[in-house]
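In what follows, a single structure is set out as structure tokens and then discussed.
Basis for what follows: all heavy atoms, side chains included, without hydrogens, waters or symmetry-related copies. Ligands are counted one by one from 1 in listed order, and the atoms in each one are counted from 1 as well. Predicted model, so just to flag it, every value in this text is computed and none were measured.
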Amino acid sequence: MSDETGSVSEAEIAVHWGEEAYFTPPESFVAQANLTDRDIRKRYSLENFPNYYEDFANLLSWDRKWDKLLDSSNPPFYKWFVGGRLNVSYNCIDRHLEKYRNKTAIHFVPEPENEHIEHVTYQELWVKVNEFAAFLRDKVGVKQGDRVTIHMPMVPELPVTMLALARLGAIHSVVFAGFSAKACAGRIVDSESRVLITMDGYYRAGTLLDHKEKADVACDEASAEGQKVETVLVWQRYPGRYSSPTPLKAGRDLVVNDELPAFRGKRVAPVSVPAEDPLFLMYTSGSTGRPKGAQHSTGGYLSYVTWTSKMIQDIHPDDVYWCMADIGWITGHSYIVYGPLALAASTVIYEGTPTYPDAGRPWRVAEELGVNIFHTSPTSIRALRKAGGGNPEKYNYHFKHMTTVGEPIEPDVWKWYHKVVGKGEAVIVDTWWQTENGGFLCSTVPAVDKMKPGSAGPPIPGIHPMILDEDGNRMPAGTGKAGNICIENPWPGMFQGIWHDPDRFVATYFTKYNKNPKSKDWRDWPYFAGDGAMLAADGYFRILGRIDDVINVAGHRLGTKELESAALTVAGVAEAAVVAAKDDIKGVMPEIYVSLQPGVEANAAMAKKVSDAVAKEIGPIARPRKVWLVPDLPKTRSGKIMRRILAAISNNNPDTGDITTLANPEMVEQIQKIHQAG
Ligand code: PRX
């Protein structure tokens, strides 16, 4: 938590709300649920570890069964389903054809409401994935093990692209479309991608954005850093019409929609890959340095997301499931694409902003498509509520199940979600997990456990979390004290490591609580999640937030150091410090305190330059709520910036703590005044 560096973590500014009464899952839900076994956690106890994970793998179709369920001989590097072989696109498409050929796999809802909703059947998805895979293999030369960066918005071509790459055994790295060209470049370089797949444009809040321009900048930046992108593949938002003002670059860019006709009717046999082959990289922010590439496996990952989609999301093949996250994040990978498709469900992909053109939009979509499982983040729920809620009661939809993910949800917001959006009929799961985890780690089992607003709940069956204090002692339940949440056992969805950086993997997630680095026993290697949490007497976990220099803005992870570096790119900026400030809609938002070089004028234009630099370097999601231009940053005598004090000011907390040891204590009052003046 806070330390001599003067940092303050998200967990420390978290609001500790009181214990809430339970809500019982509706009987109608329980009657149809996939998981009703009240003894499930007993069956999946540590004594039965790791054998219970067979149940997860048995949900998949394997080309070759594994010889060894778990190889834990070199912790914390684990190998799951060793010797097994499978293909992800086969599991998400081909195996469903016999029974579900004409069933919708993907409902694509374009943002403009006058555009036709596209329904892609499993058969059509199979054709599209085969043809695109043939093109990738035969024209672009993509082969097993290659890394390919994808920078695409929420369109059905995105899962088609991911599944085609998986069909070939290639590794995809999807970059959230809202991320900047620079962020995309960093990921191209780190993953050594020679192919970038993008789209000409997409809709966001009523505007057709030019997306292709980012590809050009990303390729230039990557090339300056030594990674040449040889081929850029551009999908068209409107097939047959190029919708970007940015020209194509001859010799490098290919328009996918122009190329595909040559591959009409081509089929590609799914490449049977070892369970341990990586399926994808997903970059995520850490406290220091560049975003790290969380490397996810094929067999372990797919088993884990399929089981949790079936048991926690309660997905049946005849469900229409809508997760409003973006596929560019882990939630979208696991719970828009891979989990739902592995279960032959119909998954909804919505292109745009949930409140566009008004807050009623999600409910019109739900009514039109018959959505019965709904999944979103507290930020979206708060935004919908603020926009008036859009009158869900006016629309004829019925959710049996709703999920919340990504940030703590206030009990009050939870109850609004339950009553207004869920019409009091839906069960809710509050799912806690991370990019690194592949799938859920804590949540109620919807037909088995009671819900408690404001609490993620008990562990997912098979997961064994604990709360450790700073010295590594296990903290008992019900003390009301916060500690660090850790997971005792490995699980199949857990990432295999950080791409090309095994030392950082061990140092970030395991060193803190490992007592013997030579130990070959997994019990000595608890996974340190980096979140503060409390364990209530009833065994429910409440997640408070990050304990490191990472802030979670609207459910998106941002490293404060990344924002500070972006601010420092502006000429005239001397120093910058980022803090997390509580926000009514987004949970927390970054605020930046900036001191300027001598002679540089502190004015609104300068503040805007800093704000724009952050949006440009990282993406609009990182744009600070406020840039405070201050004469100097509060510092210790050894020159450490005291972010803790700045965080107190940003959060209107009059208690700035002991400031007598500062080199410039007078700054505190000056900054408070600047803050009050707004
Ligand atoms: O702080 C926790 C918070 O989001 C972080 C993980 O962010 P990311 O890797 O981007 O993955 C987000 C979606 C899985 C965690 O370290 N977090 C996630 N879910 C919850 C949560 N905080 C409270 N409650 C949750 N349900």
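Taking the six-membered ring wherever Trp is involved, the centroid distance between the rings of Trp433 and Tyr304 does not fall below 6.0 Å.
Every heavy atom of Gly530 sits 4.0 Å or more from the atoms of ligand 1. Residue contacts with ligand 1 do not include Ala456, since none of its heavy atoms lies under 4.0 Å from the ligand.
Classification of the Trp329-Phe179 ring pair by plane angle, with boundaries at 30° and 60°, yields perpendicular.
Checking Tyr540 against Thr444 by side-chain atom types alone, no donor-acceptor pair falls below 3.5 Å. A donor atom on one side chain and an acceptor atom on the other are found under 3.5 Å apart for Ser611 and Arg623.
Considering only non-hydrogen atoms, atom 9 (O) of ligand 1 lies nearest to Thr435 out of Val405, Leu558, Asp430, Thr435. For atom 22 (N) of ligand 1, the choice among Arg546, Glu407, Glu436 with the nearest heavy atom turns out to be Glu407.
Looking only at side-chain heavy atoms (C-beta outward), Pro465 and Phe541 come within less than 4.5 Å of each other. Proximity of Phe440 to Gln313: side-chain heavy atoms (C-beta onward) are separated by under 4.5 Å at one or more points.
In terms of protein heavy atoms, atom 3 (C) of ligand 1 is closest to Asn552 ND2, 3.0 Å. When only non-hydrogen protein atoms are considered, atom 6 (C) of ligand 1 lies nearest to Trp433 O, 3.6 Å. With respect to atom 13 (C) of ligand 1, the closest heavy atom belonging to the protein is Thr331 OG1, 3.5 Å.
For ligand 1, the polar-atom distance check against Gly406 finds a nitrogen or oxygen pair separated by under 3.5 Å. Considering backbone and side-chain N/O atoms, Arg557 comes within less than 3.5 Å of an N/O atom of ligand 1. For ligand 1, the polar-atom distance check against Asp531 finds a nitrogen or oxygen pair separated by under 3.5 Å. Taking distance alone, with nitrogen or oxygen atoms compared against 3.5 Å, His556 stays at or beyond that limit from ligand 1.
Within the structure, the side chain to side chain donor-acceptor pair (under 3.5 Å) test picks out the following pairs touching residues 486-498 (sequence neighbours left out): Glu276-Gln496, Gln295-Gln496, Arg474-Glu488. Applying the side chain to side chain donor-acceptor pair (under 3.5 Å) definition to pairs two or more places apart or across chains, those involving residues 173-188 are Lys182-Glu617.
Annotation for Lys586: atom NZ does not count as buried by contact number, only 12 or fewer foreign heavy atoms lying within 6.0 Å.
Heavy atoms of Thr404 found under 4.0 angstrom from ligand 1: none, in either backbone or side chain.
Near Pro408, with a cut-off below 4.0 Å to any heavy atom, the atoms of ligand 1 are 22 (N), 23 (C), 24 (N).
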